[in-house]
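A quick write-up on the structure given underneath.
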Amino acid sequence: MDKDTQVWDFNRIIYGHNMGTGSDAMFSTLLDYEEEDYLKEHRTVYFTDAYGSAAAYQVMAVVKYSIDDLEEWDFRTRNHEDMESYNAWMEELQGRALYYTEPDHAPVSIITLATCDRRVHGKKGRFLVIAGKIS
């Protein structure tokens with residue numbers, strides 16, 4: 001988990017290494033979400049925190065990202081000051097997403113799964129799977 005992420009944050013960021021195409025190690029399988037069919041078949045992800053509390057999350061966005069874009073839109077934003085800030089962040093997410101699906105319910109929290117992806121942006125590339133909590 002990102003060193004600055006707290007359990008109560010709205011957006012919890014979890015980083016994992018991408019061990020390369022064809023690997024199932026660590027976060028390598030996140031890259032499978034680039035295929036729309038894979039996303040449709042794997043919309044639910046599960047997260048168990050360090051305290052043993054488990055929750056289901058519905059994948060709502062897949063994003064190819066460059067860390068050069070942090071000033072324009074910071075995927076690491078953990079909390080929002082107000083609804084206007086939240087709506088602006090979500091709108092930017094939708095605009096940047098390879099795939100975006102409205103969640104069935106407004107998420108009470110989200111997780112952002114992030115791994116390196118050099119295919120588009122070189123060393124600055126990231127691949128993000130963003131999911132909203134459903135249970």
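Heavy atoms only, all atoms of each residue included: Gly132 and Pro107 are closest at CA-CB, 3.6 Å. The minimum heavy-atom distance linking Ala54 with Thr48 is given by the pair CB-OG1, 3.6 Å. Of all heavy-atom pairs spanning Gln58 and Pro103, the tightest one is OE1-CA, 3.4 Å. Scanning all heavy atoms of the two residues, the minimum distance from His42 to Val59 falls at O-CG2, 4.0 Å. Across every non-hydrogen atom of Leu93 and Val63, the tightest pair is CD1-CG2, 3.7 Å. The two residues Arg76 and Asn11 come nearest to each other via the heavy atoms C-ND2, 4.3 Å.
No side-chain heavy atom of Arg126 sits less than 4.5 Å from a side-chain heavy atom of Thr115.
Considering CG of Asp37 and CG of Asp32, their distance stands at 12.0 Å, rounded to 0.5 Å. Once rounded to the nearest 0.5 Å, the distance linking CG of Leu39 with CE of Met60 reads 12.0 Å. Rounding to the nearest 0.5 Å gives a distance of 11.0 Å between CZ of Arg12 and CD1 of Ile110. Atoms CG and OH, on Leu31 and Tyr38 in that order, are 10.5 Å from each other to the nearest 0.5 Å. A distance of 13.5 Å separates CD1 of Ile111 from CG of Asp9, quoted to the nearest 0.5 Å. Remark: Asn87 CG to His80 NE2 distance equals 9.0 Å, nearest 0.5 Å.
Heavy atoms from other residues, nucleotides or ligands lying under 6.0 Å from NZ of Lys124 number 12 at most. More than 12 heavy-atom neighbours from other residues, nucleotides or ligands sit within 6.0 angstrom of CD on Gln94.
Below 30°, between 30° and 60°, or above 60°: for Trp89 and Trp73 the angle between ring planes is between 30° and 60°, a tilted geometry.
A continuous path of Ile, Leu, Val, Met, Phe, Trp and Tyr side chains, each step under 4.5 Å between heavy atoms, connects Met90 with Met83, placing both in one hydrophobic cluster.
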Tyr33/Tyr99 under ring pair (Phe, Tyr, Trp, His ring centres under 6.0 Å): CA gap, chis, key distance, verdict:
CA-CA 9 Å; Tyr33 279 96; Tyr99 306 110; 9.5 Å; no
Evaluate side chain to side chain contact (heavy atoms under 4.5 Å, CB included) for Phe47 paired with Ser53, printing each intermediate quantity in order.
CA-CA 8 Å; Phe47 174 69; Ser53 178; over 6 Å; no
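One N or O on the side chain of Asn79 and one on the backbone of Phe10 form a donor-acceptor pair closer than 3.5 Å.
The pair Arg96-Asp69 meets the salt-bridge criterion, with a side-chain N (NZ, NE, NH1 or NH2) lying under 4.0 Å from an Asp/Glu carboxylate O.
Taking the ring centroids of Tyr65 and Phe127, they lie at or beyond the 6.0 Å cut-off.
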